[in-house]
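Structure first, commentary second.
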Amino acid sequence: DIQMTQSPSSLSASVGDRVTITCRASQNIITSLHWYQQKPGKAPNLLIYAASTLQTGVPSRFSGSGSGTDFTLTISSLQPEDFATYYCQQSYTAGTFGGGTKVEIK
Amino acid sequence: QVHLVQSGAEVRKPGSSVKVSCKVSGGTFSGRAISWVRQAPGQGLEWMGGSFPVVDTAIYAQKFQGRVTIIADDSTSTGYMELRSLRSDDTAVYYCARRHGGDGYFDYWGQGTLVTVSS
């Protein structure tokens with residue numbers, strides 16, 4: 001199975017900060033990489049698919065980049081509703097999630 | 001609008017089995033594009049397996065091979081996940097999710113089903 005490694009596992013940030021989360025695949029997955037946001041007690045919500053395409057309805061402060069094995073999710077200006085846990089997921093072979101990054105209030 | 005509605009919470013004893021359902025409404029797809037993801041308390045998301053219409057079969061994560069079965073009933077637009085030989089560390093919220101056929105992302109999710117394994 002392809003392994004997905006996210007970093008950091010958690011971070012503290014303030015409203016208005018620029019936040020970057022990285023995801024590394026154990027092998028080349030081209031752009032078969034997607035990002036989700038999850039809030040406590042809720043199902044995950046798709047933010048970005050195919051590495052860089054913003055899902056309909058997702059604010060433009062979210063962006064994704066990368067290809068091959070290294071990917072990045074960026075929140076350009078953190079808002080109060082963005083404090084949550086973020087996961088990457090590969091679909092090159094079936095599906096594997098990264099370990100998650102919890103974004104907390106500083 | 002697409003909705004995935006899962007069956008209710010379950011409590012099982014170690015060694016037993018559980019079967020969770022996921023009914024799809026809205027949209028034009030059946031249960032054949034459904035994947036299952038679980039989340040143990042305080043832990044991350046774990047993909048278990050899913051139905052893949054292109055190959056008309058289910059594919060499972062290596063960790064669950066032999067212990068899980070995922071099926072789809074087209075007549076009722078319902079997907080099912082059965083997990084056998086339950087252990088206490090199978091206690092988790094189990095989610096179904098629609099896998100987009102082209103890119104493989106999960107765009108619609110069920111509300112989650114809590115399965116508690118306890119003696």
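First the proteins, then the strands, lettered A, B, ... as listed; each starts at 1.
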Atom pair OH/CD of A/Y87 and B/Q39 - distance to nearest 0.5 Å
4.5 Å
Nearest 0.5 Å, what's the CH2-CE distance between B/W47 and A/M4?
13.5 Å
By a 4.5 Å heavy-atom criterion (distance strictly below it), what part of A/P44 contacts chain B: side chain, backbone, both, or neither?
both
How about [X]: does its [atom1] atom have over 12 heavy atoms from other parts shown lying under 6.0 Å from it?
X: A/Y92; atom1: OH; result: no
X: B/R12; atom1: CZ; result: yes
X: A/K42; atom1: NZ; result: no

For residues 96-106 of chain A, which residue pairs pass the side chain to side chain donor-acceptor pair (under 3.5 Å) check, not counting sequence neighbours?
A/Q6-A/T101, A/Q90-A/T96
Do [X] and [Y] sit in one hydrophobic cluster, given that two such residues count as connected whenever their side-chain heavy atoms are within less than 4.5 Å of each other, even indirectly?
X: B/V115; Y: B/L83; answer: yes
X: A/V19; Y: A/L47; answer: yes
X: B/V2; Y: B/V5; answer: no

At a heavy-atom distance under 4.5 Å, which candidate from A/L33, A/T53, A/N45, A/D1 has the highest pair count against chain B?
A/D1
Would a distance-only check, ignoring hydrogens and angles, find a side-chain to backbone donor-acceptor pair under 3.5 Å from A/Y36 to B/F106?
yes
When the 4.5 angstrom heavy-atom criterion is applied to B/V93 and chain A, the contacting part is neither
Against chain A, label B/Q62 side chain, backbone, both or neither, depending on which of its atoms sit under 4.5 Å from a heavy atom there.
both
Kindly write out the residues that satisfy side chain to side chain contact (heavy atoms under 4.5 Å, CB included) with A/S91, not counting sequence neighbours, or none if the list is empty.
A/S32, A/H34, A/Q89, B/R99
List in chain and number order the residues that pass ring pair (Phe, Tyr, Trp, His ring centres under 6.0 Å) with A/Y49, two or more places apart in sequence or in another chain; answer none if no residue qualifies.
B/Y105
Where along residues 61-86 of chain A does a heavy atom come under 4.5 Å of chain B, listed by residue number?
none
